[in-house]
Enquirer: 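Below is one structure. I have some questions about it.
Chain letters run A, B, ... following the sequence lines, proteins first, then strands; residues in each count from 1. Keep in mind the model is a prediction, meaning the values are calculated, not measured.
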Number of protein chains: 2
Amino acid sequence: MNTGVNLKELAAELKLSPSTVSRALNDSYEISEATKKKVISMAEKLNYQPNPFARSLRENKSKTIAVVIPERMSSFFSKVVDGIEEITQQYGYHLLVYSTHEDVDREKKIVNLLMNGRADAIIMSVSSQTSDISHLTRLHERGFPLVFFDRICSDIPTTKFITNDYESGFEGTKHLIQQGCRKIAFLMLSKELSITKDRYRGYLDALKQAGLSPEPQLNITCCQEEEENIESIRKLLDGPNRPDGILSSVEKLALATYHAVKRTHLRIPNDIKIISFFSNLSIASLLNPSLTTITQPAFNIGEECAKLLMKKLTKPRQPDLPNQVITIPSNITIRSSTIVV
Amino acid sequence: MNTGVNLKELAAELKLSPSTVSRALNDSYEISEATKKKVISMAEKLNYQPNPFARSLRENKSKTIAVVIPERMSSFFSKVVDGIEEITQQYGYHLLVYSTHEDVDREKKIVNLLMNGRADAIIMSVSSQTSDISHLTRLHERGFPLVFFDRICSDIPTTKFITNDYESGFEGTKHLIQQGCRKIAFLMLSKELSITKDRYRGYLDALKQAGLSPEPQLNITCCQEEEENIESIRKLLDGPNRPDGILSSVEKLALATYHAVKRTHLRIPNDIKIISFFSNLSIASLLNPSLTTITQPAFNIGEECAKLLMKKLTKPRQPDLPNQVITIPSNITIRSSTIVV
DNA sequence: TTTTTCATCGGAAACGTTTGCACATATTAT
DNA sequence: ATAATATGTGCAAACGTTTCCGATGAAAAA
């Protein structure tokens, strides 16, 4: 790899000292406009690119932020990362993207690796297996800027961005009830997750408000194996205590539900109605029947995470990230999976 | 940000010189086993983490590789990145991931930024707008390790990983013909793309072999706006010269086709049969009717890219990346969108 | 005994920046 | 006239590693 000219060579070419050239390129007030012009044009001519590591070493910042997500093949997380990139790229920041694959051990390894300062901050959504959060508290206690989104850690006093999980769970359930459902199942990834807790609370409160009592056997906790999830749901559908409505708290379980229904004699929405948190609108309307969705503002969530961090990292003396939860509401789009025509 | 102890402090604690400690931690033969043990245990006790920038500056390598893709919300590219990460993570490498959003200007900016050595190598799939490749040739001529996958640049003499685009296009088209199609449309993102060229050649040859003549008006070049694509396809379907089969060269256009068909009175597969390059098997079988797919080995392609680079970067004196195209075959899965029962 | 070798370790340079400080020269105030 | 102040630039240290080159002492060979 032929690395180009460095500051010293550029300075030699200009018959100036490296310090002057550095200051000129950084637009320091101490340098005359004349030399600034000369330096800049010569830098362009020789295509000078400052060495990022020398700069990072000296300034103790990397212009890089790490994004840690549970999986890549998810329209929600893809859009969040797109939103983050949209902002950070404007500030010249780079994105290290890691997937934990819903594995807490991988998450710990990644977080521990990040502790050496390779990134200036972390934006993350925890894995569904994460219950011990010592790796995250340690990070935060060291003063490492950390922002959570979607799947958050309430115990860590920093800024979190979520959607209105409780209300969405509540409204989604209420919608099912209004469509005549009396036995509504709740599908989740893990009981530990902040999103399942909040969405579940909304679900329970909607049931209560309608005078319905929750039935434990209608709660299904899923795993990472799609086939296994499909079979769990199918068993529920084929069982004696079959639900007439399903609220899926994550995208992939809605798809598993459609697969499961295909294995039964049931029809959506006549026999069973489905609503799900879902970010891929194009797919939602192509499913048969089209899926009623609670659409999280994924791109927007990413943007907000990034904006907050950019403010913290690019302004001189910023305070710590405040301990608060910022909620950006979802939209419910009613489609055929909950409406009998 | 409270950065932990550094080498000098660790050395002071041990009453040793930094050089000795460094060598001990790097398992140098010059250091006795006794002191190695002492150093390692003290390093663990103080949780010493070497500064990655100091190391990168000194060694002139970053243990980071950049991945440049046209879009994130694509099961194909998500899986490729997963495959890359699977390998690189084993070697302690980090991944900078950039999306060009199919925009060649963004692609150029990203590539130019990468020229400063922030990453040790680049794995990329070019945007659909890329015809001028000067930014990539410049990169390659500087000796920067560069690997292409899927959407490749034939003119740049380096290693490329693709699937058997020609054969898949050929076989896909042949399958449609065998199912009785006589007027087969070809959907593409851009005529410039390597994948459309190869897949189109396969399509043409299959037509020729069947004695069918290609009709230019059956080729549709799409854009980035989904709605616009849907309407282009709908017009084709509603027009006087309506095809009875469609080969879509990319995933998103298959979805657009399903949307378009929904806006017509046509039925799949009776009136129109569809086959597409497609990586999301779960979705393919959920579409109505389920979609016949040509499935690219996305994860595997990512793995192979990464393996090649890891060999080049971690072994001492490796030759340049050879100028060759490595093909990993796709699988055709026949589903309902091409079979009339 | 003297010389060589070997096993361990330390000093210092180097990687490419940024920046505190000093130092000229020119301008203004006294 | 001299002294004070801008204005523009250079020197050198620092960031935290790795590694070249010596240095030391002990063991082996002469």
Enquirer: Let me confirm one number: the CG-CD distance from A:Asp27 to A:Glu33, rounded to the nearest 0.5 Å.
Expert: 7.0 Å

Enquirer: Respond yes when some side-chain nitrogen or oxygen of A:Asn6 is under 4.0 Å from OP1 or OP2 of C:dG16, and no when none is.
Expert: yes

Enquirer: Check whether the side chain of A:Arg23 and the base of D:dG10 form a donor-acceptor pair under 3.5 Å.
Expert: yes

Enquirer: When the distance from NZ of B:Lys36 to P of C:dA7 is rounded to whole Å, what number comes out?
Expert: 12 Å

Enquirer: Using whole Å, what does the distance between atom P of nucleotide D:dT18 and atom CG of B:Leu10 come to?
Expert: 11 Å

Enquirer: Rounded to whole Å, please give me the gap between CZ in A:Arg118 and C1' in D:dG16.
Expert: 14 Å

Enquirer: Identify, between B:Leu16 and A:Phe53, the residue whose nearest nucleotide on DNA chain C lies closer to the 5' end.
Expert: B:Leu16

Enquirer: Find which nucleotide of DNA chain C each of B:Glu59 and B:Tyr29 is nearest to by heavy atoms, and output the residue with the more 5' nucleotide.
Expert: B:Tyr29

Enquirer: Start at the 5' end of DNA chain D and walk down; is the nucleotide closest to B:Tyr48 or to B:Glu30 reached first?
Expert: B:Tyr48

Enquirer: D:dG10 P sits how many Å from A:Lys8 NZ, rounded?
Expert: 15 Å

Enquirer: For A:Thr20 and D:dT9, is the shortest distance between a side-chain N/O and OP1 or OP2 below 4.0 Å?
Expert: no

Enquirer: Does B:Asn26 have a side-chain nitrogen or oxygen under 4.0 Å from the phosphate oxygens OP1 or OP2 of D:dT18?
Expert: yes

Enquirer: Does A:Arg106 come within less than 4.0 Å of B:Glu86, counting only side-chain N to carboxylate O?
Expert: yes

Enquirer: Heavy atoms under 4.0 Å, any strand shown: does B:Leu57 hit a base, just sugar-phosphate, or nothing?
Expert: base

Enquirer: Given salt bridge (charged side-chain N to carboxylate O under 4.0 Å, His left out), test A:Glu85 with B:Arg72 step by step and report yes or no.
Expert: CA-CA 11 Å; A:Glu85 188 183 47; B:Arg72 278 202 183 79; 3.0 Å; yes

Enquirer: Any donor-acceptor pair under 3.5 Å joining the side chain of A:Ser19 to the base of D:dC11?
Expert: yes

Enquirer: Ignoring hydrogens and geometry beyond distance, is a side-chain donor-acceptor pair present between B:Glu192 and B:Ser131 at under 3.5 Å?
Expert: no

Enquirer: Starting from P on C:dC9, measure out to CD on B:Glu33 and report it in whole angstrom.
Expert: 11 Å

Enquirer: List the steps, then state whether side-chain hydrogen bond (donor to acceptor under 3.5 Å, both in side chains) holds for A:Ser17 with A:Thr20.
Expert: CA-CA 5 Å; A:Ser17 81; A:Thr20 303; 3.1 Å; yes

Enquirer: Look at the side chain of B:Arg58 and decide which nucleotide, out of C:dT17, D:dT19, C:dC9, has an atom nearest to it.
Expert: D:dT19

Enquirer: For B:Phe76 and B:Phe149, take the angle between the two ring planes, folded into 0 to 90°, and tell me which bin it lands in: parallel under 30, tilted 30 to 60, perpendicular over 60.
Expert: tilted

Enquirer: Assign A:Ser22 to base, sugar-phosphate, or nothing according to its heavy-atom contacts below 4.0 angstrom with the strands shown.
Expert: base

Enquirer: Is the phosphate of D:dT9, meaning OP1 or OP2, less than 4.0 Å from a side-chain N or O of A:Thr35?
Expert: yes

Enquirer: May I have the distance from B:Asp27 (atom CG) to D:dT18 (atom C1'), rounded to whole angstrom?
Expert: 15 Å

Enquirer: Just checking A:Gln49: base, sugar-phosphate only, or nothing, at a heavy-atom cut-off of under 4.0 Å?
Expert: sugar-phosphate

Enquirer: Measure CG/A:Leu7 against P/D:dA12 and give the value in whole Å, please.
Expert: 17 Å

Enquirer: For B:Asn51 and C:dG16, what is the distance between atoms CG and C1' respectively, to the nearest whole Å?
Expert: 14 Å

